Participant: 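Below: one structure in structure tokens.
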Amino acid sequence: MERTTLVQHIRQQEKANPGATGEFSSLMNEIMVAAKIISLQVNSAGIGEDIFGLTGKINIHGEEVKKLDEFSDITFTKIIGQSGTVCAITSEEKEEPFIIPIEDDRGKYIFMMDPLDGSSNIDVNVNIGTIFSIYRKKSLGDIVTDEDLMQKGEDQIAAGYIVYGSSTIFVYTSGQGVHGFTLDPTLGEFFLSHPDLVIPERGSTYSINEGNWVIWDESQKDLVAYLKEDDPSTGRPYKLRYIGSLVADFHRTLLKGGIFMYPKDTKSPKGKLRFSFEAAPLAFIVEQAGGKASTGNQRILDITPTSIHDRLPLFIGSKNDVEMSEKRLAATVNKGSWFKWLSG
Ligand code: AHM
Ligand code: MG
């Protein structure tokens, strides 16, 4: 049986673009190499070298840095940084962008990553992943400016993620649909396993950390209560699925449909997830697969961040489920303001 490798697929997609120089293919190939190295580490964690546990460091978000977080960040930064295809790398793990020196081999792309998403699941053998996003340098000249590092979500050239789970899966889009590849560990090669992924228009699951109920606002409580009501004519109640690794919760949502939500709450008034490293790349992927991604009232890809570590609420998944959530949230907010107005 003839199987398409990830390298062949990337080359075919690049051929469809007449102005292509091969730089994009090189970058994607380097991402694939880094992903294989991390996959190997994740799968052998616990054997031999001690890769579990904490580094003792705290990252820019005030979170404890795990050894695998650091390993993934360093691996991606080294491999992509030396690829000659990028001029800057930003990472969820690093406060400042890494700018490739002008005298070094550098290229026209900006690479952004959450090197190891779902790190709280590392030590318990639950799926974790990497999320990445690629933009083209916008400003002219050698200096990498804020305009390059804080681009509108819509300006992404490509985005993808890798799930390190029961198998390692690489999913990406370069604006020509969404395609998934599974790592064959015996050959060390990614093969096309999920061509032209399309998310169901409507699903039957919702995914949210419901332990946060008390810190949600009324509109969020109303939405989740609605999804749990018994009304078979509208497919309710929805099932609840929550892994706690965005990459894994998103991957399930992409394949099966439904909605993943991380709303704002009183602990994270702006939301918990990051625009550049989590929301924007997954929004690009979901839209390419026919789904939607929103803050609850704004399309994610319409947003231009104001800092590389911006956070925001995220509602992502099947088109109908995201639209229904937006309507429901707006209706409760409006009901709330009428109530306040009447009683005030
Ligand atoms: P991380 O990138 O530091 O791992 O944090 C992001 C993770 C997401 O993977 C996941 O969706 C979310 O945080 C889980 O948060 P919570 O534990 O609050 O449910
Ligand atoms: Mg993350």
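First listed ligand is number 1; within each ligand, the first listed atom is number 1. Numbers here are sequence positions counted from 1. Since the model is a prediction, treat every value here as computed from it, not as a measurement.
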Participant: Closest non-hydrogen protein atom to atom 10 (C) of ligand 1, residue and atom name please, with distance?
Facilitator: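 Nearest protein contact, heavy atoms only, for atom 10 (C) of ligand 1 is Gly244 O, 3.4 Å.
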Participant: Is it true that Tyr238 and Tyr206 have ring centroids separated by less than 6.0 Å?
Facilitator: no
Participant: For Arg274, take its heavy atoms, then give the atoms of ligand 1 lying under 4.0 Å from any of them.
Facilitator: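 Answer, ordered by atom number: 2 (O), 5 (O), 6 (C).
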Participant: Can you confirm whether more than 12 heavy atoms, excluding those of Lys264, are under 6.0 Å from its NZ atom?
Facilitator: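 12 or below, so no.
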Participant: Can you name the N/O/S atom of Asp114 that is nearest the Mg ion (ligand 2)?
Facilitator: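 It is OD2 of Asp114.
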Participant: Looking only at heavy atoms of Tyr242, does any of them come nearer than 4.0 Å to an atom of ligand 1?
Facilitator: yes
Participant: Go through ligand 1 atom by atom and flag the ones less than 4.0 Å from a non-hydrogen atom of Glu278.
Facilitator: 2 (O), 6 (C)
Participant: Can an N or O of Leu246 be found at a distance shorter than 3.5 Å from an N or O of ligand 1?
Facilitator: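 For ligand 1, there is an N or O atom that lies under 3.5 Å from one belonging to Leu246.
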Participant: Looking only at N, O or S atoms in Asp117, which is nearest to the Mg ion (ligand 2)?
Facilitator: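 For Asp117, the N/O/S atom sitting closest to the Mg ion (ligand 2) is OD1.
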Participant: Would Ser133 and Gln156 count as having a side-chain donor-acceptor pair, cut-off 3.5 Å?
Facilitator: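 Indeed, the side chains of Ser133 and Gln156 share at least one donor-acceptor pair under 3.5 Å.
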Participant: Does Asn209 reach ligand 1 with a nitrogen or oxygen that is under 3.5 Å from one of the ligand's nitrogen or oxygen atoms?
Facilitator: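 Yes, there is a polar N/O contact under 3.5 Å.
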Participant: With a 6.0 Å cut-off (strictly less than), is the heavy-atom count around NZ of Lys256, excluding the residue itself, greater than 12?
Facilitator: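 Open: at most 12 neighbouring heavy atoms sit under 6.0 Å from NZ of Lys256.
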Participant: Specify the closest pair of heavy atoms between Asn127 and Gly165, including all atoms of both residues, with the distance to one decimal.
Facilitator: OD1-CA, 3.3 Å
Participant: Please indicate whether any nitrogen or oxygen in Lys272 is less than 3.5 Å from any nitrogen or oxygen in ligand 1.
Facilitator: yes
Participant: If you measure from each non-hydrogen atom of Met261 to ligand 1, which part falls under 4.0 Å: side chain, backbone, both or neither?
Facilitator: neither
Participant: Ring centres of His309 and Phe277 under 6.0 Å apart?
Facilitator: yes
Participant: I need the contact type for Asp114 against ligand 1. Using non-hydrogen atoms and a strict under-4.0 Å cut-off, is it side chain, backbone, both or neither?
Facilitator: side chain
Participant: Measure the CD1-CD1 distance between Ile79 and Ile38 for me, rounded to the nearest 0.5 Å.
Facilitator: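 Those atoms lie 7.5 Å apart.
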Participant: For ligand 1, does Tyr262 get within less than 4.0 Å through its side chain, its backbone, both, or neither, judged by non-hydrogen atoms?
Facilitator: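 Tyr262 to ligand 1: side-chain contact only, backbone stays beyond 4.0 Å.
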Participant: Start with the C-alpha gap between Glu189 and Arg3, add the side-chain angles, then the distance that decides, and say whether salt bridge (Lys or Arg N to Asp or Glu O under 4.0 Å) holds.
Facilitator: CA-CA 11 Å; Glu189 195 69 74; Arg3 300 194 287 174; over 6 Å; no
Participant: Please compare Ala248, Ser268, Ser245, Gly118 and report which has the shortest non-hydrogen distance to atom 4 (O) of ligand 1.
Facilitator: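 Considering heavy atoms of Ala248, Ser268, Ser245, Gly118, the nearest to atom 4 (O) of ligand 1 sits in Gly118.
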Participant: Ignoring hydrogens and angles, state whether a donor on the side chain of Ser219 or Asp222 is under 3.5 Å from an acceptor on the partner side chain.
Facilitator: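 No, Asp222 and Ser219 have no side-chain donor paired with an acceptor closer than 3.5 Å.
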Participant: Does ligand 1 come near enough to Ser120 that some N or O of the ligand is less than 3.5 Å from an N or O of the residue?
Facilitator: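 In this structure, Ser120 places no N or O atom under 3.5 Å from an N or O of ligand 1.
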Participant: Check all N, O or S atoms of Glu278 and name the one closest to the Mg ion (ligand 2).
Facilitator: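 The closest N, O or S atom of Glu278 to the Mg ion (ligand 2) is OE2.
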Participant: Is Phe260 in polar range of ligand 1, meaning some N or O pair under 3.5 Å apart?
Facilitator: no
Participant: Heavy-atom contacts with Glu92 under 4.0 Å: which atoms of ligand 1 show up? List them by number with element.
Facilitator: 1 (P), 2 (O), 3 (O)
Participant: So, are Glu14 and Arg11 salt-bridged, with charged N and O less than 4.0 Å apart?
Facilitator: no
Participant: In ligand 1, which numbered atoms sit nearer than 4.0 Å to a non-hydrogen atom of Ser119?
Facilitator: 3 (O), 4 (O)
Participant: What closest approach, in Å, do Pro263 and Trp216 show between heavy atoms, and which atom pair accounts for it?
Facilitator: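 That closest heavy-atom pairing would be CG-NE1, 3.7 Å.
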